[in-house]
Amino acid sequence: MENIQTTAFIKAKKSHSIKRFHPWVFSGAIAYLEGDPVAGEMIRIAETGGITLGHGLFTPGASIAVRLTHFGEEAPTERWWHERLQNAFDVRLQLNLAGNDSTNCYRLIHGEGDGFPGLIIDHYDGALVIQVHTEGMLHYLDGIAESLKEIYGDNCTSIYNKSEDTLPRSSSLKTTNGFLFGDETDGKIALENGLKFNIDWVNGQKTGFFIDQRENRALLGSLSKGKKVLNTFSYTGGFSVYSLAADATLVHSLDSSGPALELANQNVALNGFEGDKHAVIQADAVQYLKDIEEDYDIIILDPPAFAKHLKARHKAVQGYKRINALAMKQIKPGGLLFTFSCSQAVDKQLFNHTVISAAMEAGRKVRILHQLHQPADHPVNAFHPEGEYLKGLVVRVD
Ligand code: SAH
């Protein structure tokens, strides 16, 4: 058993969400603390009468004061994370992702969805990249790395901690990026549905690749033959590679970042598709969409999260509406728009409404053909619906 030294007593009327297994305790729900917990400490949560409600990781000063890892009487054991990591790995095996020859990148741990609040682990052909978002998980980093080595055995080639910039700015604990095991500093070439991608977790955005679009990229591929495609916010060129593999006649990858476009070019070349059919465009997406000259059959809008928190939601919605209205105005009649939002603060309903109001503004007839979401290796804990973050629509614009 872990040695638990602090108890947070919950106000009488605030315990119901914990009893429904919601893993967040807001600071306002705590009546008082018995003990003096340090940042990230594992503490006990109890009703004022004394009954244990669960255990979780404490973040002093934060609005989400505790993230529960254990509910009810179950107390954290010495290596509580090990069994959960094994369980998450078993789920990826069940999903035919672990041990798959044509897709060797997948998410192993998706925060609350896998019972690890504040932890992300992505897998690229044996390389594991860890991102810690809360102080609590930082305490377990070395233990988690040891468990990963045990679970993957010889199939684990390296483990990289990329949490320097993902801990909250107010955090009193710090960490530096670096290898916890191995040293694959040049990254890896990983496979997704048989297509090759150069993954550079050391220098790249996030853990190096946006694994969450795997199924949506495959759908795009299935609709791309003979089409002219504009991939805005292209980053590694994931969507572009799928369109080229499916015999699109022209693919433009657009990003404001030069290094991102270099990556896109590399990935296109890696798959043998370099040539006239693909070009990169360094531009601001809004500016380019305003002045489009090409008649694209398919436009992809996959911007970064416009709303990182609730306060930014209104502005984010305006941003989504703007780019969607522009793309709808410009797309060829009968064309397909693949539009996404990865902002957690903008839920599915709000996103759909925003796209519909963009259609009204554009004055085009729009039909929703597909409603898209994050794939199964980004599971949503049924008691924590906030874990659903990626939303997308494929709409036909007449
Ligand atoms: N679609 C990508 C992920 C997009 S990440 C994939 O499938 O992997 C978001 C990208 O948007 C980043 O590469 C960033 O450089 C780019 N970006 C951010 N603001 C932009 C803007 N105003 N115009 C064009 N690109 C932008």
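We're numbering straight along the sequence, starting at 1. Counting convention: from 1, in listed order, for ligands and their atoms alike. As the structure is a computational prediction, the values presented were derived from the model and not from experiment.
For D398, the salt bridge (Lys or Arg N to Asp or Glu O under 4.0 Å) partners at least two apart in sequence or on another chain are R367, R396. Shown here are the side-chain hydrogen bond (donor to acceptor under 3.5 Å, both in side chains) partners of S253, two or more places apart in sequence or in another chain: S240, H278.
For D114 and R92, the salt-bridge test passes: some basic side-chain N is under 4.0 Å from an acidic carboxylate O. The pair E47-K19 counts as a salt bridge, with a side-chain nitrogen and a carboxylate oxygen less than 4.0 angstrom apart. Look at K391 and D347 and you find no salt bridge, because none of the NZ, NE, NH1 or NH2 atoms lies under 4.0 Å from a carboxylate O.
For ligand 1, the 4.0 Å heavy-atom shell contains residues Q205, F210, R217, F233, S234, Y235, T236, F239, L254, D255, S256, S257, A283, D284, A285, D302, P304.
Residues in residues 219-228 take part in these side chain to side chain donor-acceptor pair (under 3.5 Å) pairs, two or more places apart or across chains: S224-S243, K228-E294, K228-D295.
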